[in-house]
Number of protein chains: 2
Amino acid sequence: MLKLSKKAEYALMAAKYMALKNSSGYSSAKEISENYQIPYQLVAKVLQNLVKSDIAFSAKGMNGGFALAKKPELISIIDIIKAVESKFKITDCMHENGSEQDCSHFNCCKIKDPLAVIQKKIDNVFTDTYLVQIL
Amino acid sequence: MLKLSKKAEYALMAAKYMALKNSSGYSSAKEISENYQIPYQLVAKVLQNLVKSDIAFSAKGMNGGFALAKKPELISIIDIIKAVESKFKITDCMHENGSEQDCSHFNCCKIKDPLAVIQKKIDNVFTDTYLVQIL
DNA sequence: TTCGAATCAGACTAATTCAGTCTTATTAGA
DNA sequence: TCTAATAAGACTGAATTAGTCTGATTCGAA
């Protein structure tokens with residue numbers, strides 16, 4: 001319960017790798033996979049997600065790879081995690097337009113509002129931590 | 001990801017029910033189940049867990065049931081959640097005596113320490129919220 | 001003293017989620 | 001044109017979670 005997914009962990013690790021490599025060229029998925037002992041396919045997928053969210057960019061072909069799009073001081077880890085995990089909430093209903101679809105208790109729920117307060121505090125924990133702090 | 005379990009939700013709801021009922025006798029599992037639309041067996045199990053953790057006490061037999069052992073101002077919701085969920089960590093290794101058993105990366109992990117800081121902050125969010133705040 | 005309403009406990013099942021693999025396509029440089 | 005890289009999605013197996021079922025125990029009241 002309340003666990004981060006492997007995808008989220010791998011995304012943080014990959015971002016860290018690229019940040020440490022700094023501006024010295026691209027990091028390939030294979031390179032990160034081998035250095036940090038992460039399954040190749042998973043790192044590759046996670047890196048693609050980072051590109052889609054404009055946290056990193058990629059170059060195809062030989063000598064290609066991935067690199068951060070911004071400085072580590074400017075990348076909040078909540079953005080890294082959200083790039084790979086859409087559901088980042090303590091309950092299923094905890095999003096805009098939450099409805100009975102998400103939870104049969106939606107209309108009679110006794111703890112929705114207090115949990116929303118807690119959700120906001122947890123969001124802040126991640127929002128206020130930047131990539132540079134995990135290097 | 002990062003979701004609370006149903007057991008945790010039900011525990012908070014059950015605690016809230018008992019708190020609202022205040023000192024006017026016992027609340028039976030059936031009563032809570034019907035009022036808050038929670039499966040009977042699950043509420044019953046959750047209530048038993050609360051008793052084991054000294055958050056509530058029980059009375060068997062007819063007219064028996066459950067009641068809070070302390071005032072809602074004195075019950076932190078982290079205790080309610082921990083009563084029903086032992087794993088309350090963002091990673092498997094995030095506990096005393098974490099080892100290679102928990103995660104094959106344990107000895108080479110690049111993000112363990114920063115995640116421990118985040119874990120502590122999340123713990124504080126729950127520790128600093130009391131039952132009285134979710135009534 | 002017997003019956004019913006309640007707690008207590010644990011095994012079991014079904015559903016969902018998650019981690020990881022496999023396969024194939026695409027791209028660009030040597 | 002060959003090779004090393006990204007890109008993308010389907011598939012599988014494992015693990016977790018939600019919920020059910022069954023039965024035992026306890027106490028009070030009729």
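Below, all heavy atoms of this structure are taken into account, side chains as well, without hydrogens, waters or symmetry copies. Naming: A, B, ... by sequence-line order, numbering from 1 per chain.
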- Which sits closer to the 5' end of DNA chain C, B:Lys45 or B:Gln48, going by the nucleotide each is nearest to?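 It is B:Gln48, whose closest nucleotide lies nearer the 5' terminus.
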
- Task: Could you pick out which residue, A:Leu4 or A:Asn63, lies toward the 5' side of DNA chain C when each is mapped onto its nearest nucleotide?
- Result: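 Closest to the 5' end, via its nearest nucleotide, is A:Leu4.
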
- Where do A:Ile81 and B:Met1 come nearest, in terms of heavy atoms and distance? CG2-CE, 3.7 Å

If I take atom [atom1] in residue [X] and atom [atom2] in nucleotide [N], what distance separates them, rounded to the nearest angstrom?
X: B:Leu50; N: C:dA9; atom1: CG; atom2: P; answer: 14 Å
X: A:Lys60; N: D:dT3; atom1: NZ; atom2: P; answer: 19 Å
X: A:Leu2; N: C:dC18; atom1: CG; atom2: C1'; answer: 16 Å
X: A:Gln41; N: C:dA25; atom1: CD; atom2: C1'; answer: 14 Å
X: B:Lys3; N: D:dA18; atom1: NZ; atom2: P; answer: 7 Å
X: A:Asp92; N: C:dT17; atom1: CG; atom2: C1'; answer: 11 Å
X: A:Lys7; N: D:dA8; atom1: NZ; atom2: P; answer: 14 Å
X: B:Lys30; N: C:dT7; atom1: NZ; atom2: P; answer: 10 Å

For [N], take OP1 and OP2 only and decide whether either is under 4.0 Å from a side-chain N or O of [X].
X: B:Ser5; N: D:dT16; answer: no
X: A:Tyr40; N: D:dA7; answer: no
X: B:Ser58; N: C:dC8; answer: yes
X: B:Tyr10; N: D:dG19; answer: yes

Under 4.0 Å, heavy atoms only, any strand: does [X] hit a base, just the sugar-phosphate, or nothing?
X: B:Tyr26; result: nothing
X: A:Ala29; result: sugar-phosphate
X: B:Ala59; result: sugar-phosphate

- Message: Quick check for you: among C:dA5, D:dA7, C:dC8, whose closest atom lies nearest to any side-chain atom of B:Met62?
- Response: C:dA5

- Task: Compare the minimum distances between each of D:dA8, D:dA5, D:dG19 and the side chain of A:Ser28, then state the nucleotide with the smallest one.
- Result: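 Minimum distance to the A:Ser28 side chain belongs to D:dA5.
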
- Cation-pi between A:Lys30 and A:Tyr40: NZ/CZ under 6.0 Å from ring centre and within 45° of the ring axis?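 No.
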
- Carboxylate-amine/guanidinium contact A:Lys89 A:Asp123, below 4.0 Å: yes

- A:Leu47 or B:Leu42, whichever maps to the more 5' nucleotide of DNA chain D: A:Leu47

- Item | Aromatic ring proximity, centroids under 6.0 angstrom, A:Tyr17 and A:Tyr36 | yes

- Could you verify whether a donor N or O on one side chain and an acceptor N or O on the other, from B:Glu31 and B:Asn35, lie under 3.5 Å apart?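 No, because no side-chain N or O of B:Glu31 sits under 3.5 Å from a partner of the opposite role on B:Asn35.
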
